[in-house]
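This report refers to the structure that appears directly beneath it.
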Amino acid sequence: MSFFTDFIRSIWDRMLDNKGKVTSTGGFLFGIIVTLALKDLYPDLEASYRRRIRQLRGVNIPHPLPGQTDYVRLEDHTRRNSKIVTDPQDVRRTHDRDSVEEIPVGIEGLIGNTPLIKLRALSEAVGCEILAKAEFLNGAGNSPKDRVALSMINHAEAEGLLVPGRGDVVYEGTVGSTGISLAAVCRARGYGCYICMPNDVATEKSTLLTKLGATVERVLPASIIDQDQFVNVARRRAEEHTSSPDQQGQGFFADQFENTSNYLAHQSTTGPEIYAQCGGRLDAFVSGAGTGGTISGVALALKPLLPNLKVVLADPQGSGLYNKVKFGVMFSSTETEGTRRRHQVDSVVEGVGINRLTANFEAGMGLVDDAIKVTDEQAMRMARWVVQREGVFIGASSAVNLVAAARVGRDLGKNGRVVTIICDSGTRHLSRFWKGVGELAVSGEEGSAELNLILDMEK
């Protein structure tokens, strides 16, 4: 022990000069001693630092208020420029338990939280920022109807109307997207699915439904007052199932038009997602309305937060909602004397437009500020314009939304920001909507000039 003490004292004497100050040699020796003493502590310090960084990932650090400068905002850049790790030991060290991200459960885990994308070419052409909520990236049925289907089934289960394993079947009348979403979610939850739809709907939709295991009944297009209209047939089939002693379980009529679980899904998820993704900065929200759930739900979510937000309905030809918003009267020009059709099919656009008020549209109708009428030709030309310049292959209802969004954006000007919805892919509209797109003559104009021609076509 005395040897060790003498050794330390001799080193200490070498570190100090006769005036008691540390010499250069002493400083060097002191650095070596500290390094040797702490060398085993370095890995622990680094591991602690990395654990703290992982804990901070995903935590929303608030932005400072105006004039607030009393804290520093931390930013984690560790996810950028990451190198490829191939050694198994490195993989284990890099991806320990603390760094594992939450894994979605089932197809339902892929519904919601869709990205908001800026449409570069369209924004440049109209001189305003056009943002699109990419609802076609929902993971079940690839449309905003995924949210609705999941919401309706969740509410029905909570009320005891649907019970897994009992043999229950969900019935719905739809032109396609809601049926596809229901078919996927029903399979995941263990229910049967029975879809009634008009026989003039694009055949790829009914084909997809059958591949998903749904029963499809195609009926003649008819007015809602006709008992053989597709929605009424679906309701009747559900009642027949429930009352039949030969069928297991019960029939549940989803009733997307009147079931308020529809707009509630968008009020609780789509609207808040848009607000967060925009950082609370947007000037207008543009959407079509079929059931009315999307536009009502998003308006109900955003208007209390953004009182100056302009909510605009995009309405296709043949629909009466435009006149209801603009003039307070539910009326379509196709209903004038001498022009009314027994089976009113005057648009190739599917999924939006209706000639009656639904409970879902009425829920938010008072928050809709304006409406824009969009013709079939405008929608088809917009679809072709967008796929050629953005590489985004959109369906009919999305094209209607983008025509209206572009018009609103053009009016807002340079500092404006418009959000709309890309509902589904054009692959569901090949035999009807996109068939018409292919038959259109190609315009000689290019870029913004061609877009202006589309937007200014006679309505």
Side-chain angles (χ1 to χ4, degrees), residues 145 148-149 152-153 156 159 161-162 167-183 186 191-203 205-206 209-210 214-263 289-293 316 318-321 324 329-332 334-363 432:
K145 298 301 184 182
V148 176
M152 292 192 297
I153 289 177
E159 296 171 15
L161 300 174
L162 285 173
D168 293 347
V169 176
V170 176
Y171 292 80
E172 183 60 293
T174 170
V175 297
S177 291
T178 303
I180 293 167
S181 296
L182 278 172
C186 281
Y191 302 116
C193 186
Y194 192 108
I195 301 298
C196 297
M197 62 196 314
N199 63 7
D200 61 345
V201 169
T203 57
K205 293 183 180 181
S206 60
L209 282 166
T210 57
T215 300
V216 179
E217 181 178 353
R218 295 173 69 97
V219 300
L220 287 173
S223 169
I224 189 65
I225 62 174
D226 191 325
Q227 289 304 303
D228 290 328
Q229 194 258 8
F230 65 97
V231 174
N232 294 329
V233 172
R235 180 186 291 107
R236 188 164 67 248
R237 296 288 184 259
E239 294 170 352
E240 292 169 353
H241 180 147
T242 301
S243 61
S244 173
D246 300 325
Q247 289 186 281
Q248 292 183 340
Q250 296 183 5
F252 171 69
F253 176 49
D255 198 14
Q256 60 168 326
F257 291 91
E258 309 302 327
N259 188 336
T260 53
S261 300
N262 182 338
Y263 85 79
T291 64
S319 173
L321 294 179
K324 183 64 179 177
V329 178
M330 194 72 183
F331 177 76
S332 170
T334 57
E335 295 176 323
T336 56
E337 189 68 30
T339 64
R340 174 137 181 114
R341 304 180 184 185
R342 181 167 177 268
H343 300 311
Q344 214 168 308
V345 181
D346 68 330
S347 174
V348 295
V349 172
E350 297 172 351
V352 288
I354 195 171
N355 277 316
R356 70 180 191 277
L357 287 180
T358 67
N360 284 290
F361 187 73
E362 286 187 295
R432 185 169 165 82

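All residue numbers in this chain count up from 1 along the given sequence.
Of the possible polar contacts, one joining the Gln229 side chain to the Val231 backbone as a donor-acceptor pair under 3.5 Å is found. At distances below 3.5 Å, at least one donor-acceptor pair connects side-chain atoms of Asn355 with backbone N or O atoms of Gly320. Between the side chain of Glu258 and the backbone N or O of Ala359 there is at least one donor-acceptor pair closer than 3.5 Å. At distances below 3.5 Å, not a single donor-acceptor pair connects side-chain atoms of Ser244 with backbone N or O atoms of Glu240.
When all heavy atoms of Ala234 and Gly173 are compared, the pair lying nearest together is CB-N, 3.5 Å. Listed here is the closest heavy atom pair of Phe252 and Ala156: CZ-CB, 3.6 Å. Heavy atoms only, all atoms of each residue included: Ile195 and Gly179 are closest at CD1-CA, 3.6 Å. Between Asn199 and Pro221, the shortest heavy-atom contact is OD1-CD, 3.4 Å. Of all heavy-atom pairs spanning Gly192 and Cys186, the tightest one is O-SG, 3.9 Å.
Residues Asn360 and Thr358 have side chains that never bring a donor and an acceptor to within less than 3.5 angstrom of each other. Side-chain atoms of Gln256 and Thr291 form no donor-acceptor pair, as typed in the model, at a separation below 3.5 Å.
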Open item on the list: The test is side-chain contact (heavy atoms from CB on, under 4.5 Å); show your working for Arg235 and Asp255 and say whether it passes.
Closed with: CA-CA 8 Å; Arg235 180 186 291 107; Asp255 198 14; 4.3 Å; yes
Open item on the list: Is there a side-chain contact (heavy atoms from CB on, under 4.5 Å) between Leu321 and Leu357? Walk through the geometry before answering.
Closed with: CA-CA 8 Å; Leu321 294 179; Leu357 287 180; 4.2 Å; yes
TODO: Please lay out, stage by stage, how Arg236 and Gln227 fare under the test side-chain contact (heavy atoms from CB on, under 4.5 Å).
DONE: CA-CA 9 Å; Arg236 188 164 67 248; Gln227 289 304 303; 4.2 Å; yes
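Residues satisfying the side chain to side chain donor-acceptor pair (under 3.5 Å) criterion with Lys205, sequence neighbours excluded, are Glu350.
Remark: Asp168 CG to Thr242 OG1 distance equals 8.0 Å, nearest 0.5 Å. Taking CD1 of Ile180 as the start and CG of Leu209 as the end, the distance is 5.0 Å to the nearest 0.5 Å. Residue Cys196 holds its SG atom at 6.0 Å from CZ of Arg237, rounded to the nearest 0.5 Å. Atoms CZ and CD1, on Arg356 and Ile225 in that order, are 11.5 Å from each other to the nearest 0.5 Å. Put simply, NZ on Lys145 and OG on Ser181 are 8.5 Å apart, with the number rounded to the nearest 0.5 Å. Rounding to the nearest 0.5 Å gives a distance of 7.0 Å between CD of Glu159 and OG of Ser261.
Checking each of Asn262, Thr174, Ile354 against Phe257 for a side-chain contact (heavy atoms from CB on, under 4.5 Å) leaves exactly one that passes, namely Ile354.
Side-chain contact between Asp228 and Leu220 is absent, with no heavy atoms from C-beta onward closer than 4.5 Å. Contact annotation: the side chain of Met152 approaches that of Leu182 to within less than 4.5 Å [non-hydrogen atoms, C-beta and beyond].
Note on residues 217-251: pairs passing ring pair (Phe, Tyr, Trp, His ring centres under 6.0 Å), not counting sequence neighbours, are Tyr171-His241.
Within a 6.0 Å radius of CD in Gln248, no more than 12 heavy atoms belonging to other residues, nucleotides or ligands are found.
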